[in-house]
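Okay, structure first, notes after.
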Amino acid sequence: MNVALQTRPPALSEYYSETKCIWCDGCGNYGIWTAVKYALVELNLHPWQVCLCYDVGCNGNGSDKIEGYRFHGLHGRVIPFAAGAKLANMRIPVIAFAGDGATFSEGIGHLIHGVRSNYPITFVLHNNTNYGLTTGQASSLTPQGQSMNTSPNGIPEHTLASMELIFSLNPTFVARGFSGDIKLMTRILKAAIQHRGFAFVEMLQACPTYNHFATHEYLLNKYFDANADGHDPSNLQQAKALATQVQDRIACGILYQRGDIPHFYDRLIPRQGVETTCVEEVRRYDVSKYWKELA
Amino acid sequence: MVGASGQGVNSIGAIIAKGLKRSGYCVFGYREYPSLIKGGHASYQLDISNQRIRSTETKVNVLIALNHHGLELNMEELKPGGIVLHVTPGWQFPEHHQKLIAERSLRVIYFPVDDILDRLGARAILSNVLLTAFVWSMLDQDLDALKSLVGEKFAKKKALLELNMRCIDEGFSFVDPEQGRISVALPPPDTDFAGHLLITGSQAMGLGAVHAGVRLYAGYPMTPSSPLLSFVAELENKTHMVVKQAEDEITAAQIVSGAMYMGTRALTATSGVGFDLMSETLSLNAMIENPTVFVLAQRPGPATGLPTWTAQSGLLQAANCSAGEFTRCVISVSNSQDAFDLMPVAFNLAEQYQISVIVLTDKQIAEALYTQQPYDLETAEIDRGRLVVDPEKLKLLKSSDRFDPHAKSGVSLRWLPGSEAATYCAQGDEHNSMGAVDESSLNTKSQMEKRLKKFHGLKAGFPAPHLSICGRSATTTDWMDTGDEIELLAIGWGSTGDVLQDVMCSDELRGAEDRLFALHLSLAAPHRRTSEIGHAVETHRPGGAELSGAVGHAHQDGMRHGYPG
């Protein structure tokens, strides 16, 4: 992150949007939305200094409920879009948001290659374990056997082991928050935005309308701040265990982070030593030196 | 040159082509090969002239067969008096080929490659150099010129270089014991060509893209778009561009869209079904009015079709795919000249109208080798349309300026993330002027109209089809003067343009120059409907109405970008 210092610090009100919120009462999106604004303000970022990219779904409907340069795209595709935006202008923090359907069903390939590529972006997974906006169908993270809109007899498939998958991809940042704890989410998001590489942030969130099996109260009773309990994010084995073992308690906080792995852009040999961004470099180029070998 | 894939058919073709070009010949190289790495039947055809040629003939003067399959498959293509050069020991031509040899007075030369290689202790791969050198001597070309050409290739590998030079000497001095020295007379060279480039359409397009300010390229391999990806990657350390091989075409398109949204110029290329995958992104870009350029390197379909063969099969796909209706632009390049020239044009149109531009090419252009005049590097402008970058102007912007439905021609102001200004949302759902979701009928209508309005401006600024008479750029008067004598009007687009030109300049059609017209389209959509072109033709009859529309503009604009006739 490389943003010019501002003489006037940003205020929370700068992120206020006149567009009315349309989420259901009790939706976890309200909490995440608030934490995002807190995190950006606490990082001293004005709305014009950030790029917020949204996938499709209830979380994506938040794209016009906040200020900032925003993008609201296609289902499952937000990670490559955000990566392209970031690679074009490394000076701007890029944060991508998507639900569990977009991330682990339609766009799972993009997630895998996003983590693998270690693009320098923040990715926030809104995990309400179902497709909310399309009225309560199962996602690949909905518990097996759960009856949903299109699976009256219960979902026949295994539930995808999302955190095991993430840890199999050599991530550089893994965190988990809960939509009911704004303070915790703010801390996580700030660290994620400052992370040099792909920051994977899962936000467990309530869906009061369609998710009756992992409610706000259920999550509230199970989650805990692992960092407050002394978890060291550099401990890979412990991080993996905390991330995947969620039967009794659900560990939240910054579960894993390492900063010694160069991110995608840093690995690009042609960009080494180049101080400008691709955006600044658009001009007419003399290509005659490149065709010498063709003469 | 015919043989199996992996035998080096292309390398012989490429090196002879380069040598002849340096000697002052116009060379056109054409490649055919199956979709496999080793084996099958591949060919590389070189057409050579001291005048401008732009395509291949169907018949050949010399057939060089690297295996006996080539003899079996390609003998029929020889012209009378032609030469067959083969390397198959003890080959007995079947009866029908013996008849062909007699009827067409063909000369057959056996070149004992294996014996020579054995004698030199060289590996089989050097048979290419032997053959190249032999052909070089047949063409009466200078030995040292070939040596310096091969020397450039192996400059850093001393041991290899030495062996190559010995092979050149051996090949060059080979004399057929039965027929003596064979010589193929080439016309006198034209030194103009010596300073030209020898370039594939893909390389031309890659250079054009860099020239146009493209700073990020993302692509997924698919023939015939892959050579562009490889060429851009090959240059990345020199251009300092971001080049990314994506995990699929969807990713490539999305990365490019993200990069363009952020404000750089970015490019992707694909073919057939790869473009199907990109079409959702095309649709998205229309809604968020994000300028983008897609290269669609056509190949025959449906599905994966014929991966390594050519067809102009993607026009309707490019012009019609995607959800809903919106303004887009389809350009088709026709040769190495406008493969270069049309890249800046494509990016300018994309940014001027904040639309997607699809640039059509095909395998013929992508892999053909053109003798190309060095490009004009002064003419192309970088026009970023209504992009606001001035800090003072940025401060005056309102969020609602971004998608203002009242914007003239439907093109609103655009400014980039990171600009100190009011922010907006690039919204994939129907939205109001600032990008907030608005599904009301009134808003939907005004935004749809805004996006479709761009069509009119785009179309008005389009160079019309270019008219020519037998290779010459035609004028209104030419057309009027023909009276009722127009015998043939050939209408083409894309790679057929150059073929048409060569046909119309051919000896066979000499004498009919004033009665043969060609109409060529480089810019394919917004549609110039068939009826519109038909109307243009109708009204151009002598005594008819004044020239209007399609053909009228051609004279002013057609050659400006170097569009072929």
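Here is how names work: the chains are called A, B, and so on, in the same order as the sequence lines, proteins then strands, and each is numbered from 1. Given the structure is predicted, the values throughout are model-derived calculations rather than measurements.
With values rounded to the nearest 0.5 angstrom, A:F81 atom CZ is found 6.5 Å from B:L284 atom CG. Rounding to the nearest 0.5 Å gives a distance of 5.0 Å between CD of B:E280 and CG of A:L74. With rounding to the nearest 0.5 Å, the separation of CD1 in B:I255 from CD1 in A:I79 is 11.0 Å.
Proximity to chain A is absent for every atom of B:F193, based on heavy atoms less than 4.5 angstrom apart. Within the 4.5 angstrom heavy-atom criterion, atoms from both the backbone and the side chain of B:H211 approach chain A. With a threshold of 4.5 angstrom between heavy atoms, B:L235 approaches chain A through side-chain atoms but not through N, CA, C or O. Both the backbone and the side chain of A:C278 come within contact range of chain B, with heavy atoms under 4.5 Å apart. Only the side chain of B:I288 comes within less than 4.5 Å of a heavy atom of chain A; its backbone N, CA, C and O stay farther away. For B:A212, the part lying under 4.5 angstrom from a heavy atom of chain A is the backbone only. Of the two parts of B:I382, only the side chain, counted from C-beta on, holds a non-hydrogen atom closer than 4.5 Å to a non-hydrogen atom of chain A. Only the side chain of B:I199 comes within less than 4.5 Å of a heavy atom in chain A; its backbone stays farther off. Of the atoms belonging to B:R384, it is side-chain heavy atoms, and not backbone ones, that fall under 4.5 Å from chain A. Proximity to chain A is limited to the side chain of B:Y261, based on heavy atoms less than 4.5 angstrom apart. Of the atoms belonging to A:V94, it is side-chain heavy atoms, and not backbone ones, that fall under 4.5 Å from chain B. Only the side chain of B:L216 comes within less than 4.5 Å of a heavy atom of chain A; its backbone N, CA, C and O stay farther away. Looking at B:E378, the atoms closer than 4.5 Å to chain A (heavy atoms on both sides) sit in the backbone and in the side chain alike. The contact between B:Y375 and chain A is made by backbone and side chain atoms together, counting heavy-atom distances below 4.5 Å.
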TODO: Decide yes or no on side-chain contact (heavy atoms from CB on, under 4.5 Å) for B:T264 and A:N89, but give the supporting numbers first.
DONE: CA-CA 8 Å; B:T264 192; A:N89 189 348; over 6 Å; no
Task: Steps toward side-chain contact (heavy atoms from CB on, under 4.5 Å) verdict (A:N61, B:D429) - done: CA-CA 9 Å; A:N61 273 351; B:D429 286 352; 4.2 Å; yes
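Between B:T423 and A:E67 the shortest heavy-atom distance is OG1-OE1, 2.9 Å.
Comparing A:Y265, A:F71, A:F264 by how many heavy-atom pairs each has under 4.5 Å with chain B, the most go to A:F71. Heavy-atom pairs under 4.5 Å with chain B peak, among A:S63, A:A88, A:C51, A:P80, at A:P80. Annotation: maximal heavy-atom pairing with chain A below 4.5 Å, among B:G213, B:A259, B:C425, B:G263, occurs at B:C425. Contact count against chain A (heavy-atom pairs under 4.5 Å) is highest for B:S419 among B:A421, B:S257, B:G435, B:S419. With chain B as the partner, the residue from A:G73, A:A83, A:G273, A:G68 showing the most heavy-atom pairs under 4.5 Å is A:G68. Highest contact tally toward chain A, considering only B:G418, B:A436, B:G428, is held by B:G418 [criterion: heavy-atom pairs under 4.5 Å].
Residues of residues 98-114 of chain A lying under 4.5 angstrom from chain B, judged on non-hydrogen atoms, are A:G109, A:H110, A:H113 in numerical order. Proximity to chain A at a heavy-atom threshold of 4.5 Å picks out B:N237, B:K238, B:T239, B:H240, B:M241, B:V242, B:K244, B:E247 from residues 237-247 of chain B, in numerical order. For residues 287-295 of chain A, heavy-atom neighbours of chain B at less than 4.5 Å comprise A:V287, A:S288, A:Y290, A:W291, A:E293, A:L294, A:A295, sorted by residue number.
Listed for the A:Y285 side chain is no donor-acceptor partner under 3.5 Å among the backbone atoms of B:G208. At least one donor-acceptor pair closer than 3.5 Å links the side chain of A:D64 to the backbone N or O of B:V437. With hydrogens and angles disregarded, a donor-acceptor distance shorter than 3.5 Å links the side chain of A:R284 to the backbone of B:A380.
Two residues are said to be in side-chain contact when any heavy atoms from C-beta on lie closer than 4.5 Å; A:R77 and B:T251 fail this criterion. Residues A:Y69 and B:W415 form a side-chain contact, since some pair of their non-hydrogen atoms from C-beta on lies under 4.5 Å apart. You'll find the side chain of B:V214 stays beyond 4.5 Å of the side chain of A:V282, heavy atoms only.
Under the rule for a salt bridge (Lys or Arg N to Asp or Glu O under 4.0 Å), the partners of B:R215 that lie at least two apart in sequence or sit in another chain are A:E281.
Crowding of A:D25 atom CG: a count of heavy atoms from other residues, nucleotides or ligands under 6.0 Å not exceeding 12. Surrounding CZ of A:F167 are more than 12 heavy atoms belonging to other residues, nucleotides or ligands, all under 6.0 Å away. Remark: B:E439 CD is loosely packed, at most 12 non-hydrogen atoms of other residues, nucleotides or ligands lying under 6.0 Å away.
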